[in-house]
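Read through the structure below, which is laid out as structure tokens, and then see the notes.
Numbers here simply count residues along the sequence, with the first being 1. Indexing begins at 1, ligand by ligand and atom by atom, following the structure's order.
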Amino acid sequence: MYLTVVVASVGTFIALRGRYVRGDYALVALVAAFTALYGYLRRMPTPDREAPFAAAVRYFAAYTLTTTLITVVYRLSPWHPLASYPGPRMAKLTSLWLSYISSTGKRFDIIDQLHQEYGPFLRIGPNHLSINSSSATSLYINMEKSEAYRYPGHNNAVALFFKQDAPENHRARKRVWQGFFTPTSVAGLIPQLDRRTWELIQTLARRQAEDPRGTVSLAETMYHWSHDFMGDMVFGGCNALELMKNGDPHGIIHNGKVALGLLDSLGQTPWLLDILWHVSATKSMHTLEHLAAEMMRTRVKSKDLPEFRDLTSYLLEADVPQNELEADSVVAIMGGSDNTSITISLAIFFLLSHQQYYHRLREELFAAFPDPMTSMQMDELAALPFLNGVINETLRLESPYYNPRIVPHGGAYMDGHFIPAGTIVAIAAHSVQTSPDHFFPDPKEFRPERWLPEGLGPETITNKAVLASFSFGPYYCIGKPLAYHQMRYALTRLILAFDMEVEKEFDAAAFRDGVLNMRTMFLRNELRISVRKRPGVDFEKLVY
Ligand code: HEM
């Protein structure tokens, strides 16, 4: 019987090597195999009169252990296709290591330290490489997304962001979204952005006035602002989110962020996510999915549509089926609100902790807009060099996103290395974005002047092409132009409206250390500020 166990283990290893198998299906298959074995043993006389159940457990444990042992030996052996790539032993053994370091929110830092130890090509999973080289931007031109982007629960609906088995489905859907992101269409959203940003200013002042400490949570209020604007942009305001007025009773922000964090960490071990999808560990993912579906259903039924065209109107015009509208709405809710608002909050954090840059930006903005109530055009904001420097510098330091791709048939060559087909590869975005080869001097410091034509002096290196914040290639961020405008606009309005200060006891180093990145960001410490209205600003009378 043990010979049969070994043969079964070797057979399993050969059949599954390098293949992705759904974890929930595999679990069901294992339970079925155990049941069949037990049924078989019940009918067979066992020589030593061992109970059939105990014998089934023993054989099954032997099978599992043998299969695991063969896999472990293979992964650490010189015959593994990635054997020549260095990395921590645990990473070579199991993708659980990558899921674990992802769940700490400090993956970017851990991977950066490992790159310093092992070099630019780092094995961070049994079948997974992190690449700390500008050449890795080319991965994004023609490689498909890894299984980490699979819609949890294998909803096969076509939607942006999530992995599609047929890339042409992604291209077709991206064309529909592109209709919404044309300059004319984005221009139609400007009055909404204006309205919501004045409401943000009122909300910051109101919340501060109501707070016993006399301060306001900037990051939380920015999230409320971006979700309210997203509700207008995606659903034409039909869902009456109104987080700035009502807070977040349905937990859309919390559940959205936890869901994204789970996707970012468990997604690196897709078989485990397949299993956990069926239990309460992934509750936030289900909650986000239900909230998004509900919002989309309300929008589809609504007769009370705004004058501007929202994203859903483009999807409906293209006859996108209901289940795909709902899947796209998950993407739109998270894509359209999360990164933009946290980037603005972090830009303000950097400015307030580097007063010289805060003053420099104020000078630029006060000169460009002497009347703080004035309207602002997109091209005027896009032409302000220091404002753009502040935004790019914040993105450079605080968007260490992890975007894994899969090497296609035939493999790939990079910097003299051959990477076999089927390997999962990702640019080490944080390492590249903070490397002295690409950003010099002071690559780890917030120095927005590096983005100006004169830079930080004659030695300056600013390799704009490696900024991976919006990714590259066919899966680049479709919202990039809108996101830049939102960030420029909100930052400018806030700086024109208020003198801002952090709380007296604010610890900038501890705050920065407490920024956790799992594609979305979690802040361990609050960012509370105080705001004081500037002369000439009169927002109280504006009614929304
Ligand atoms: C600072 C703000 C933003 C940042 C840093 C950002 C970053 C990114 C990144 C890195 C990706 C590629 C993901 C990957 O390959 O893993 C992406 C995709 C995407 N983003 Fe953004 N994003 C921002 C704002 C927005 C906004 C405002 C929207 C508007 C709805 C948006 C919608 C999307 C969509 C739909 C995708 C998927 C594109 C595709 O699959 O082709 N993003 N974003």
Side-chain angles (χ1 to χ4, degrees), residues 137 139-141 143-151 158-164 167-181 185-186 189 192-193 222-223 225-227 229-235 256 260 263-264 267-268 292 310-312 314-315 327-347 388 390-406 424-427 429-430 433 467-491 517-521:
T137 54
L139 299 174
Y140 293 88
I141 306 307
M143 291 190 192
E144 286 303 317
K145 290 185 161 183
S146 78
E147 283 297 323
Y149 289 90
R150 183 71 67 185
Y151 196 106
V158 175
L160 283 196
F161 184 77
F162 292 107
K163 183 178 174 68
Q164 304 294 318
E168 56 277 16
N169 289 341
H170 170 264
R171 285 197 290 275
R173 181 58 51 80
K174 199 152 188 168
R175 278 196 294 276
V176 177
W177 277 62
Q178 264 153 357
F180 176 65
F181 285 103
S185 189
V186 168
L189 296 171
Q192 297 311 310
L193 182 61
M222 291 305 309
Y223 279 135
W225 161 80
S226 64
H227 279 75
F229 176 64
M230 177 280 297
D232 299 338
M233 166 174 83
V234 180
F235 305 108
L260 208 48
L263 185 71
D264 187 58
Q268 313 308 331
D310 61 1
L311 173 67
T312 305
Y314 287 82
L315 297 171
D328 257 347
S329 101
V330 173
V331 179
I333 289 172
M334 291 313 295
S337 56
D338 191 52
N339 282 327
T340 318
S341 49
I342 191 67
T343 306
I344 300 169
S345 299
L346 291 172
N388 288 294
V390 165
I391 292 171
N392 284 333
E393 191 66 346
T394 308
L395 285 167
R396 183 181 77 82
L397 293 174
E398 295 295 344
S399 64
Y401 304 140
Y402 187 71
N403 301 328
R405 299 291 187 262
I406 190 136
I424 303 165
V425 280
I427 189 169
H430 178 70
Q433 288 170 190
L467 186 68
S469 308
F470 294 93
S471 195
F472 315 93
Y475 298 106
Y476 77 97
C477 173
I478 196 167
K480 180 177 173 182
L482 176 65
Y484 264 107
H485 180 64
Q486 271 182 273
M487 293 189 286
R488 289 177 189 130
Y489 181 78
L491 207 47
N517 192 289
M518 298 175 217
R519 185 175 294 275
T520 183
M521 296 198 205

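- Among Tyr149, Tyr476, Tyr475, Trp177, the single residue meeting the ring-ring contact (aromatic ring centres under 6.0 Å, His included) criterion with Phe161 is Tyr149.
- Residue Met487 has at least one heavy-atom neighbour below 4.0 Å for each of these atoms of ligand 1: 1 (C).
- A distance of 11.0 Å separates CD1 in Ile344 from CG in Asn339, rounded to the nearest 0.5 Å.
- Distances from atom 18 (C) of ligand 1 to the heavy atoms of Ala426, Ala468, Cys477 put Cys477 nearest.
- Distances from ligand 1 to the non-hydrogen atoms of Tyr402 include no value under 4.0 Å.
- Looking only at protein heavy atoms, the nearest one to atom 34 (C) of ligand 1 is Ile478 CG2, 3.8 Å.
- Not close to ligand 1: Met230, with no non-hydrogen atom less than 4.0 angstrom away.
- Looking at heavy atoms from C-beta onward, Met518 lies out of side-chain contact with Leu260 at the 4.5 angstrom threshold.
- The aromatic ring centres of Tyr484 and Phe470 sit less than 6.0 Å apart.
- Of all the listed residues (Ala159, Gly336, Pro404), Gly336 holds the heavy atom that lies closest to atom 29 (C) of ligand 1.
- In this structure, the side chain of Thr340 does not engage the main chain of Gly336 through any donor-acceptor pair within 3.5 Å.
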Problem - side-chain hydrogen bond (donor to acceptor under 3.5 Å, both in side chains) between Arg519 and Asn403, intermediate numbers included - result: CA-CA 9 Å; Arg519 185 175 294 275; Asn403 301 328; 3.0 Å; yes
Exercise for the section: For the pair Ser471 and Tyr140, evaluate side chain to side chain contact (heavy atoms under 4.5 Å, CB included) and give the outcome as yes or no after the intermediate values. Expected result: CA-CA 8 Å; Ser471 195; Tyr140 293 88; 3.9 Å; yes
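- Of all the heavy atoms of Arg405, the ones lying under 4.0 Å from any atom of ligand 1 belong exclusively to the side chain.
- Using a 4.0 Å cut-off between heavy atoms, His485 makes no contact with ligand 1 at all.
- Residue-ligand proximity: Ser399 is placed with every non-hydrogen atom at 4.0 Å or more from ligand 1.
- Counting the atoms of ligand 1 from 1 in the order shown, those under 4.0 Å from a heavy atom of Val331 are 35 (C).
- Of all the heavy atoms of Lys480, none lies under 4.0 Å from any atom of ligand 1, so neither backbone nor side chain is involved.
- Using cut-offs of 30° and 60° for the angle between ring planes, the Tyr223 and His227 rings count as perpendicular.
- With a 4.0 Å heavy-atom cut-off, ligand 1 is reached by the side chain of Phe181 but not by its N, CA, C or O.
- Closest heavy-atom approach to atom 7 (C) of ligand 1 among the candidates Pro474, Ser469, Ser341, Pro481: Ser469.
- Scanning the protein heavy atoms around atom 4 (C) of ligand 1, the nearest turns out to be Phe470 CE2, 3.4 Å.
- Within ligand 1, counting atoms from 1 as listed, the ones closer than 4.0 Å to a heavy atom of Tyr401 are 5 (C), 10 (C).
- Atoms of ligand 1 found under 4.0 Å from any heavy atom of Trp177 (numbered from 1 in listed order, with element): 35 (C).
- For atom 6 (C) of ligand 1, the closest heavy atom belonging to the protein is Asn339 ND2, 3.6 Å.
- Where the criterion is an N or O separation shorter than 3.5 Å, residue side chain and backbone included, Leu160 fails it with respect to ligand 1.
- Tyr314 approaches Val176 most closely through the heavy-atom pair O-CG1, 3.5 Å.
- Between atom CE of residue Met233 and atom CG of residue Leu482 there is a gap of 5.5 Å, rounded to the nearest 0.5 Å.
- By the 3.5 Å distance cut-off applied to N or O atoms, Thr343 is not counted among the residues near ligand 1.
- Closest to atom 41 (O) of ligand 1 among all protein heavy atoms lies Lys174 NZ, 2.6 Å.
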Exercise for the section: Please assess Leu467 against Phe472 for the test side chain to side chain contact (heavy atoms under 4.5 Å, CB included), listing each intermediate value before the final yes or no. Expected result: CA-CA 9 Å; Leu467 186 68; Phe472 315 93; over 6 Å; no
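- Considering only non-hydrogen protein atoms, atom 14 (C) of ligand 1 sits nearest to Tyr149 OH, 3.3 Å.
- The OH atom of Tyr402 lies 11.5 Å from the CD1 atom of Ile427; values are rounded to the nearest 0.5 Å.
- In terms of protein heavy-atom proximity, atom 26 (C) of ligand 1 is nearest to Gly335 O, 3.1 Å.
- The ligand atoms of ligand 1 that sit less than 4.0 angstrom from a heavy atom of Arg519 are 13 (C), 14 (C), 16 (O).
- Close contacts between ligand 1 and Thr340 involve ligand atoms 1 (C), 2 (C), 24 (C), 27 (C) [criterion: under 4.0 Å to a heavy atom].
- Going from atom CD1 of Ile391 over to atom CE of Met487 covers 5.5 Å, rounded to the nearest 0.5 Å.
- Among protein heavy atoms, the minimum distance from atom 39 (C) of ligand 1 is reached at His170 NE2, 3.3 Å.
- Of the listed options Tyr475, Phe161, Phe472, Phe161 places a heavy atom closest to atom 40 (O) of ligand 1.
- Counting heavy atoms from C-beta outward, Val234 and Thr312 have side chains that approach closer than 4.5 Å.
- Heavy-atom distances between Lys163 and ligand 1 stay at or above 4.0 Å for every pair.
- Distances below 4.0 Å separate heavy atoms of Gln486 from the following atoms of ligand 1: 27 (C).
- With contacts defined as side-chain heavy-atom distances shorter than 4.5 Å, the pair Asn517/His430 does not qualify.
- Atoms of ligand 1 lying under 4.0 Å from at least one heavy atom of Gly479, given by number and element, are 26 (C), 28 (C), 31 (C).
- The shortest heavy-atom distance from Tyr476 to ligand 1 is under 4.0 Å.
- The CG atom of Leu315 sits 6.5 Å away from atom CZ of Arg173, with the distance rounded to the nearest 0.5 Å.
- The OG atom of Ser329 lies 8.5 Å from the CE atom of Met230; values are rounded to the nearest 0.5 Å.
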